[in-house]
Undergrad: 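I'd like to ask you about the structure that follows.
Numbers restart at 1 for each chain; the letters A, B, ... are given by sequence-line order, proteins then strands. These figures come from a predicted structure and were not determined experimentally.
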Amino acid sequence: MNKTYNPLEVEDKWYEYWMEKQFFASKPNPEKEPYTIVIPPPNVTGVLHMGHMLNNTIQDVLIRRARMQGKEACWVPGTDHASIATEAKVVKMLKEKGIEKRDISREEFLKYAWEWKEKYGGIILEQLKKLGASCDWNRTRFTMEPEMSKAVIKVFVDLYGKGYIYRGARMVNWDPQGKTAVSDEEVIYKEVQSKLYYVKYKIKDDNEWLTIATTRPETILGDTAVCVNPNDERYQHLIGKKVIIPIVEREVPIIADDYVDMEFGTGCLKITPAHDLNDYEIGLRHNLEIIDTLNEDGTLSEAAGHYIGEDRFIVRKKIAKDLQEKGQIVKVEELTNKVGFSERTDAVIEPRISTQWFIKMKEISKPAYENVMNDNIQLVPPKFKNTYRHWMENVKDWCISRQLWWGHRIPAYYLPDGSYVVAETQEEALKIAQEIQPGITAKQLVQEEDVLDTWASSWLWPISVFDGITKPNNEDINYYYPTNDLVTAPEILFFWVARMIISGYEYRQEMPFKNVYLTGIVRDKQRRKMSKQLGNSPDPLDLIKKYGADGIRTGMLFSSPAGNDLLFDEKLCLQGRNFSNKIWNALRLVKEWNVKDEATSEVNKESIVWFDARFNQVLAEIEDHYSKFRISDALMSIYKLCWNDFSNWYLEMIKPAYQQPIDRATLEATLIFFEKLMKVLHPFMPFISEEVWHQIKEREADDCIIVSNYPTTETFDENILLEAEAVFETIINIRNIRNQKQIGKNEPLELCIKTSSPKVYKDFEAVLLKLGGLSTINFVENVVEDAVSFVYKADEFYIPLADQIDPEQERQKLQNELQYTEGFLNSVNKKLSNERFVNNAPEKVVTIEKQKRTDAENKIASIKAALAKLN
RNA sequence: GGGCUCUUAGCUCAGCUGGUUCAGAGCACCUGCCUUACAAGCAGGGGGUCACUGGUUCGAAUCCAGUAGGGCCCACCA
């Protein structure tokens, strides 16, 4: 066996074997409790990034543990069609080929898009396999495959029928580059340097002028009012009068509205209802005309009357110049303000009135609100409950139409007169249409061009992956739904999680999942979010090659409590890899031993008793961590159990002298411990644990750790652990003395113990002798002279080393100890002499304090005695 | 601007309803070791006024208020 562990071949070997054995596959089994996770479907054309790595590692940990616990574990993988992102990629790809989207038909475009999807789709799933993800790949779904599309359309028609879907003119975030509306969530506000133009408007039939501050002078063309605060004394006399809009020379009213901030700019606001959300609302309140001055590509429209066809930013400069020439610019100030950008195309978002499809959210989201508030569905960590509540209490209607081609086309069909019908298929639509307008033909029905927002399909994911919409009573949905845990990023709490909860209650009358584990964002050491643009994100596959999947999995989980950002550093993977190696070497040690049928030595008996108790203690800790979704803590407990308790203590205790055999009972006990450790480790490090499992002994083909039984918590004797701790402390003290006095570890020492409870040390006497490198242990009644001493709790220890003692040093050590203990006693006495403490504190606390006092007093007495001997 | 949340060792974080499991873990650091499982290691060790200021209490990292500084979400100011 190699001195260092080589993960590469091992990992590929076992993943193939697991697949071959169908260990990931799941089907409904009434005998077993289901445990289900649906993957947050990554973009179909995406590639694996560090966020996915973290996310899917956590899911794999949970699913593997559940599988070992005997549950029917089912992890459903799949991909999302990601309408805007994918369409943008395809458009770009076509452009590189010299094809413009506007020059080809919808059908042609979709052909290209599907080709693209076939080529790149699913790469990400292949990458997940390298990570070790134990998804049931037979169940892989795609949000735009026929059955899932059917579900989306069915839901649309259903919601329409229930009156939850409406079509309306609304102010939307318009992406002029993507030429589509985007949701509020897809707008990113960035601080930019812009100019604040102070523009003079002439008052009609008056010689007065009004000055108005604006950052977007091109919108002047769409102004239909000027607004002041009703309490603003400066402008009282102007309310009700008219002003003349520069350039277009249109007369508009001066109105008053509370919205206007008297402090900002001139306290006077121009109103452009077509291109500003607040202006739009003010417009509604005051019945203002709406003039849409923009085309869908961000150029000025006919309605603007001027600069037609020119881009809005060019017009901004031109207008500024033209106004300057007319003397209507008072001044220009620099201003930092926030401007919305499209998440997908990075174009500046323009608020724009357009006709869109909406889902009414208020009523439909009620159960989703309540069931998170009452903890039927638990968010982990719980701090996200507040965020969730805030959003749900202010939930706005959901704009679900997108002016794209890649996606689910809205099943609305327009009649020649502009009215429309909604139906699942063209045929049904025709039938309905004919009832309204007899004689209408299929050709006269035109389907809506828009497609649905991506989230309008993924919000059904936990149901639709089991075909629960199209076949609401099938075996899978009945068995697997509701799912158990959802692991995802907090950024999509509203986009996705909240909406899945809403659809879950609407379509299954049941929550989609019990727990939502929100991961952090993966950042670099400087706390910058990892992104392609910054180039600070390592390639996950390179990392896997370098450290092994097990190494990365643990590296990421060492430090990522739920909801906390993960500050990723390759060093963490190094730690993971080193851990693999440690395990590997422990295995090598154990495998090298020869067995001999002989009686088990005292030291081995003691060791086995101790480790058995210790294992069960830590296992209980681990289970507690899992129950609170403290995945990092669970891993850390396992790490320390393997490294410190098992390797550094236990194996050292039982390790035979060089080339000496070990007795059979001890070896067998040790192998069982090793197996148990590997089982507990398996969810985190699936590959090495499987490899070790098979190295421990020859096994049947189906006897794999992935499907072995997870250890159950057993009771343990806490007293044994306390005793062992005292013995370990003693050993550490002895080693420390050896260090200080430069005594080699092979030089036997004599130890004298002055204690009121010798049993503690007698129970582990053989261990103490072996690891302390002692020749004898004497229990004494009095202080030992000419000895190096140390104290553990109330017990005193002496190592007679007459020739090695520096009396001054010993005295100093004792003095320090004395001083500390006296101070400690002092504080305890203070507490105990405080009547209010004795009267108010619980009895238990007082008893403990009294015990502390006696212990300290005893300790002081013996330190003093030792000092006296030194003098 | 509104809401939420955080500040503990050099770094990342634990510390549940106030009291010996109360100042902890991992990493990093320092010292000594190439000791036949492992230098990707072993043994040992040093690091913290628990952001600041008050208050409640017999007792505060823990509860309350204020201050300073982070973070997240929502809204977006012309």
Undergrad: With a 4.0 Å limit, can you tell me whether A/N739 has a side-chain N or O closer than that to the phosphate oxygens OP1/OP2 of B/U31?
TA: no
Undergrad: Hey, does A/K3 reach any base, or is it just sugar-phosphate, or nothing, if we go heavy atoms under 4.0 Å?
TA: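 Sugar-phosphate only.
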Undergrad: What I want to find out is whether A/K640 reaches A/E621 closely enough, with some N-O distance under 4.0 Å, to be called a salt bridge.
TA: no
Undergrad: When the P atoms of B/G54 and B/U62 are considered, how many whole Å apart are they?
TA: 14 Å
Undergrad: Can you tell me the distance, in whole Å, between the CG atom of A/L572 and the P atom of B/G26?
TA: 15 Å
Undergrad: Touch check for A/T4, heavy atoms < 4.0 angstrom, all strands: base, sugar-phosphate only, or nothing?
TA: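 Base contact - A/T4 has a heavy atom under 4.0 Å of at least one base atom.
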Undergrad: Atom CD1 of A/I631 to atom C1' of B/C13: distance rounded to whole Å?
TA: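 Interatomic distance, CD1 of A/I631 to C1' of B/C13: 16 Å.
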Undergrad: Taking the C1' atom of each, how far is B/A51 from B/U7, in whole Å?
TA: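 Each nucleotide's C1' atom is 6 Å from the other's.
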Undergrad: Any base atoms under 4.0 Å from A/S647, or only sugar-phosphate, or nothing? Heavy atoms, all strands.
TA: base
Undergrad: Answer with base, sugar-phosphate or nothing: what part of the nucleic acid does A/R738 contact at a heavy-atom distance below 4.0 Å?
TA: nothing
Undergrad: If the C1' atom of B/A61 is compared with that of B/G18, how far apart are they to the nearest Å?
TA: 10 Å
Undergrad: Mind checking A/I212 for me? I need base, sugar-phosphate or nothing, with any heavy atom below 4.0 Å counting as a touch.
TA: nothing
Undergrad: Which whole-number value in Å describes the distance from A/D279 CG to B/C76 P?
TA: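 Whole-Å distance recorded here is 12 Å.
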Undergrad: Over how many whole Å does the gap from A/K195 atom NZ to B/A78 atom P extend?
TA: 15 Å
Undergrad: Measure the distance from NZ on A/K529 to C1' on B/G71 and round it to the nearest whole Å.
TA: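 One finds 14 Å between C1' of B/G71 and NZ of A/K529, rounded.
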Undergrad: Looking only at atom P, what distance separates B/C63 and B/C38, rounded to whole Å?
TA: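 Per the computed distance, 50 Å lies between those P atoms.
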Undergrad: If we count only N and O atoms by modelled type, under 3.5 Å, do the side chains of A/K331 and A/T211 hold a donor and an acceptor together?
TA: no
Undergrad: Is a salt bridge present between A/R216 and A/D276, judged by a nitrogen-to-oxygen distance below 4.0 Å?
TA: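 Yes, A/R216 and A/D276 are salt-bridged.
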Undergrad: How far does the C1' atom of B/A14 sit from the matching atom of B/C77, given to the nearest Å?
TA: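 Nearest-Å result for B/A14 against B/C77 at atom C1': 43 Å.
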Undergrad: Say we look at B/G24 and B/G15: how far apart would their P atoms be, to the nearest angstrom?
TA: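 After rounding to an integer number of Å, I get 16 Å for this pair.
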Undergrad: Should the side chain of A/R577 and the base of B/A40 be counted as holding a donor-acceptor pair, with the cut-off at 3.5 Å?
TA: yes
Undergrad: Would you mind calling B/G47 syn or anti? Take O4'-C1'-N9-C4 for purines or O4'-C1'-N1-C2 for pyrimidines, and syn is within 90° of 0.
TA: syn
Undergrad: Regarding A/G267, tell me which of base, sugar-phosphate or nothing describes its non-hydrogen contacts under 4.0 Å with the strands shown.
TA: base
Undergrad: With rounding to whole Å, what would you report as the distance between B/A60 and B/U49 at their C1' atoms?
TA: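 B/A60 and B/U49 have their C1' atoms separated by 14 Å.
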Undergrad: Does A/K525 place a side-chain N or O at less than 4.0 Å from the phosphate oxygens OP1/OP2 of B/U12?
TA: no
Undergrad: Send over the distance from A/I552 CD1 to B/A40 C1', rounded to a whole Å.
TA: 15 Å
Undergrad: A/R630 side chain N/O closer than 4.0 Å to the phosphate oxygens (OP1, OP2) of B/G15?
TA: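 Affirmative; the distance criterion is met.
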Undergrad: Would you name the heavy atoms of A/G772 and A/I734 that are closest together and state the gap between them?
TA: O-CG2, 3.6 Å
Undergrad: May I ask you to say what A/F558 touches in the nucleic acid, namely base, sugar-phosphate or nothing, with a heavy-atom cut-off under 4.0 Å?
TA: nothing
Undergrad: Between A/N648 and B/C42, is there a side-chain N or O to OP1/OP2 distance below 4.0 Å?
TA: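 Yes, A/N648 has a side-chain N/O under 4.0 Å of OP1/OP2 on B/C42.
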Undergrad: In whole angstrom, give the distance that lies between atom CD1 of A/I696 and atom P of B/A37.
TA: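 These atoms are roughly 19 Å apart.
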Undergrad: Taking only Watson-Crick and G-U wobble pairs with both distances under 3.5 Å, what dot-bracket line describes RNA chain B, where [ ] shows pairs that cross earlier ones and | shows pairs with another strand?
TA: (((((((..((((.....[....)))).(((((.......))))).....(((((..]....))))))))))))....
Undergrad: Would you give the length of the straight line joining atom CD1 of A/I319 to atom CD of A/Q328, rounded to the nearest 0.5 angstrom?
TA: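 The CD atom of A/Q328 is 11.0 Å from CD1 of A/I319, to the nearest 0.5 Å.
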Undergrad: How about A/N278 and A/Y259: does a side-chain donor come under 3.5 Å of a side-chain acceptor?
TA: yes
Undergrad: Contact class for A/L269 vs. all strands (heavy atom < 4.0 Å): base, sugar-phosphate, or nothing?
TA: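 Base: the residue A/L269, judged by heavy atoms under 4.0 Å, touches a nucleobase.
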Undergrad: Could you tell me whether the side chain of A/E652 has a donor or acceptor atom within less than 3.5 Å of a complementary atom in the base of B/A43?
TA: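 In this structure, the two groups form no donor-acceptor pair.
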Undergrad: Quick one: is B/G41 close enough that its OP1 or OP2 comes under 4.0 Å of any side-chain N or O from A/N578?
TA: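 Yes, within the criterion.
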Undergrad: Syn versus anti for B/U62, judged by chi lying within 90° of 0?
TA: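 Here B/U62 takes the anti form, which means its glycosidic angle is more than 90° from 0.
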Undergrad: In whole angstrom, what separates A/W649's CH2 from B/A43's C1'?
TA: 10 Å
Undergrad: Taking the six-membered ring for Trp, are the ring centroids of A/Y650 and A/F673 within less than 6.0 Å of each other?
TA: yes
Undergrad: Respond yes when some side-chain nitrogen or oxygen of A/Y639 is under 4.0 Å from OP1 or OP2 of B/C27, and no when none is.
TA: yes
Undergrad: Distance check, C1' atoms only: B/G48 and B/C29, in whole angstrom units.
TA: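 Each nucleotide's C1' atom is 15 Å from the other's.
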Undergrad: Indicate, with a heavy-atom threshold strictly under 4.0 Å, whether A/D569 touches base, sugar-phosphate, or nothing.
TA: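 No contact.
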Undergrad: I'd like to know if the side chain of A/R553 and the backbone of A/F684 have a donor-acceptor N/O pair within less than 3.5 Å.
TA: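 Yes: the side chain of A/R553 pairs with the backbone of A/F684.
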Undergrad: What nucleotide among B/A78, B/C76, B/C73 has an atom nearest to a side-chain atom of A/A213?
TA: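 Selected nucleotide: B/A78.
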Undergrad: Does a nitrogen or oxygen in the side chain of A/W643 sit under 4.0 Å from OP1 or OP2 of B/C42?
TA: yes
Undergrad: Considering only heavy atoms from C-beta outward, does the side chain of A/F384 approach that of A/P490 to under 4.5 Å?
TA: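 When only atoms from C-beta onward are counted, A/P490 and A/F384 do touch, with a gap below 4.5 Å.
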Undergrad: Ring centres under 6.0 Å, that's the criterion: do A/F579 and A/Y639 meet it?
TA: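 Centroid distance A/F579-A/Y639: below 6.0 Å, so yes.
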Undergrad: For A/T266 and A/I212, work out which heavy atoms get closest and say how close.
TA: OG1-CA, 3.8 Å
Undergrad: Taking only side-chain N and O atoms of A/K655, does any of them lie within less than 4.0 angstrom of OP1 or OP2 on B/A37?
TA: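 The answer is yes; a side-chain N or O of A/K655 sits under 4.0 Å from OP1 or OP2.
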Undergrad: Once the angle between the rings of A/F797 and A/F790 is folded into 0 to 90°, is it parallel (under 30°), tilted (30 to 60°) or perpendicular (over 60°)?
TA: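 Parallel.
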Undergrad: Taking the side chain as every heavy atom from C-beta outward, state whether A/Y5 and A/R577 have any atom pair closer than 4.5 Å.
TA: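 A side-chain contact is absent here, since even the closest heavy-atom pair is not under 4.5 Å.
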Undergrad: Please report the interatomic distance OH(A/Y792) to CZ(A/F728), rounded to the nearest 0.5 Å.
TA: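 Between atom OH of A/Y792 and atom CZ of A/F728 there are 11.0 Å.
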Undergrad: Hey, is the main chain of A/E729 close enough, under 3.5 Å, to the side chain of A/N733 for a donor-acceptor pair?
TA: yes
Undergrad: Side chains of A/L572 and A/L557: closer than 4.5 Å at any heavy-atom pair?
TA: no
Undergrad: Name the pairs: protein N/O against N/O of nucleotides 1-9 of chain B, kept only if under 3.5 Å.
TA:
| residue | atom | partner | partner atom | Å |
| --- | --- | --- | --- | --- |
| B/C4 | O3' | A/N386 | ND2 | 3.1 |

Undergrad: Name the closest nucleotide to the A/E592 side chain, picking from B/A37, B/A78, B/C38.
TA: B/A37
Undergrad: Is any side-chain nitrogen or oxygen of A/N746 closer than 4.0 Å to OP1 or OP2 of B/U35?
TA: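 For B/U35, neither OP1 nor OP2 has a side-chain N or O of A/N746 closer than 4.0 Å.
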Undergrad: A/L277 near the nucleic acid: base, sugar-phosphate alone, or nothing, with a heavy-atom cut-off under 4.0 Å?
TA: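 A/L277: backbone/sugar contact only, no base atoms under 4.0 Å.
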Undergrad: Can you find a side chain N or O atom of A/K396 that sits less than 4.0 Å from OP1 or OP2 on B/A75?
TA: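 Yes, within the criterion.
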Undergrad: Give the B/S/- string for nucleotides 55-63 of chain B, one per nucleotide from 5' to 3', where a protein heavy atom under 4.0 Å of the base yields B, of only the sugar-phosphate yields S, and otherwise -.
TA: ---B-----
Undergrad: B/A43, OP1 or OP2 - any side-chain N/O from A/N736 closer than 4.0 Å?
TA: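 Looking at the OP1 and OP2 atoms of B/A43, neither is under 4.0 Å from any side-chain N or O of A/N736.
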